[in-house]
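So the structure is just underneath, and the comments pick up after that.
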Amino acid sequence: MSASKVARRYSKALLSLCGGNGSTETVLGNLEKFAAVINELPALSESLDDPSIDTDARQNILKKLVEKLEISGHAASMLYLLGERRRLNEVPGILEDLRERLDQAAGRVRASVTSA
């Protein structure tokens, strides 16, 4: 799956925000935690994306989830921004692009092996 243009932009902004100080791995881990919970609980994902739910109520749900998962810093700020703009569905694409950028910066190449 290729990340969308929107996901790539958010990923690039997040990477430049973190700089090269190692906090990128923490942000990546926090976003992965969030994505795992959203994947496990589709009803939660739907409520965060439901246009009939008031923006303040949606942000409160997101805030409680972020606090419960102990997400802070740049990852929390990114999630709040995505929630405000109703773009939380871009988190998997952001994660994918962020991993690719980190691999490229570290000189890693991902490969898949198939055997009989």
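Keep in mind that the numbers below use all heavy atoms, side chains included, and drop hydrogens, waters and symmetry copies. The structure displayed is predicted, hence computed values, not measured ones.
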query: Taking it one step at a time, do V91 and L79 satisfy side-chain contact (heavy atoms from CB on, under 4.5 Å)?
result: CA-CA 8 Å; V91 171; L79 290 172; 4.0 Å; yes

Expected output: side-chain R58 to main-chain S47 donor-acceptor under 3.5 Å: no

- prompt: Going from CZ on R8 to CD1 on I94, what distance comes out if it is rounded to the nearest 0.5 angstrom?
  reply: 12.0 Å

task: Starting at OG of S4, measure out to CG of D97 and round the result to the nearest 0.5 Å.
output: 9.0 Å

- request: Would you please name every residue forming a salt bridge (Lys or Arg N to Asp or Glu O under 4.0 Å) with E67, sequence neighbours left out?
  value: none

query: Picking from L44, L48, L82, what satisfies side chain to side chain contact (heavy atoms under 4.5 Å, CB included) with L62?
result: L48

- prompt: Between CZ of R99 and OG1 of T24, what distance do you get to the nearest 0.5 Å?
  reply: 13.5 Å

query: Would a 4.5 Å heavy-atom cut-off, applied to side chains only, mark E40 and V37 as touching?
result: no

field: Heavy-atom closest pair, residues F34 and L69
entry: CA-CD1, 3.9 Å

message: Quick check: closest heavy atoms across G93 and A7, and the distance to 0.1 Å?
response: C-CB, 3.5 Å

query: Are P51 and R86 close enough that some pair of their side-chain heavy atoms sits under 4.5 Å apart?
result: yes

- request: Determine whether E32 and L28 make a side-chain contact, defined as any pair of heavy atoms from C-beta on separated by less than 4.5 Å.
  value: yes

query: Which heavy atom of N39 sits nearest a heavy atom of P42, and at what distance?
result: O-CD, 4.2 Å

task: Check whether any side-chain heavy atom of L31 lies under 4.5 Å from a side-chain heavy atom of L14, and answer yes or no.
output: yes

message: Could you check whether any side-chain heavy atom of L81 comes within less than 4.5 Å of a side-chain heavy atom of Y10, counting everything from C-beta outward?
response: yes

query: Should L15 and L98 count as side-chain neighbours, where that means a heavy-atom distance under 4.5 Å?
result: yes

query: Where do E84 and Q59 come nearest, in terms of heavy atoms and distance?
result: N-OE1, 3.4 Å

- prompt: What about Y80 and V6, same hydrophobic cluster or not, with Ile/Leu/Val/Met/Phe/Trp/Tyr joined at side-chain heavy-atom distances under 4.5 Å?
  reply: yes

Between side-chain atoms of residues 70-77 and protein atoms elsewhere (two or more places apart, or another chain), which donor-acceptor pairs fall under 3.5 Å?
{"from": "S77", "atom 1": "OG", "to": "G73", "atom 2": "O", "distance (Å)": "3.2"}

task: Rounded to the nearest 0.5 Å, what's the gap from CG on N60 to NZ on K63? Could you check?
output: 7.0 Å

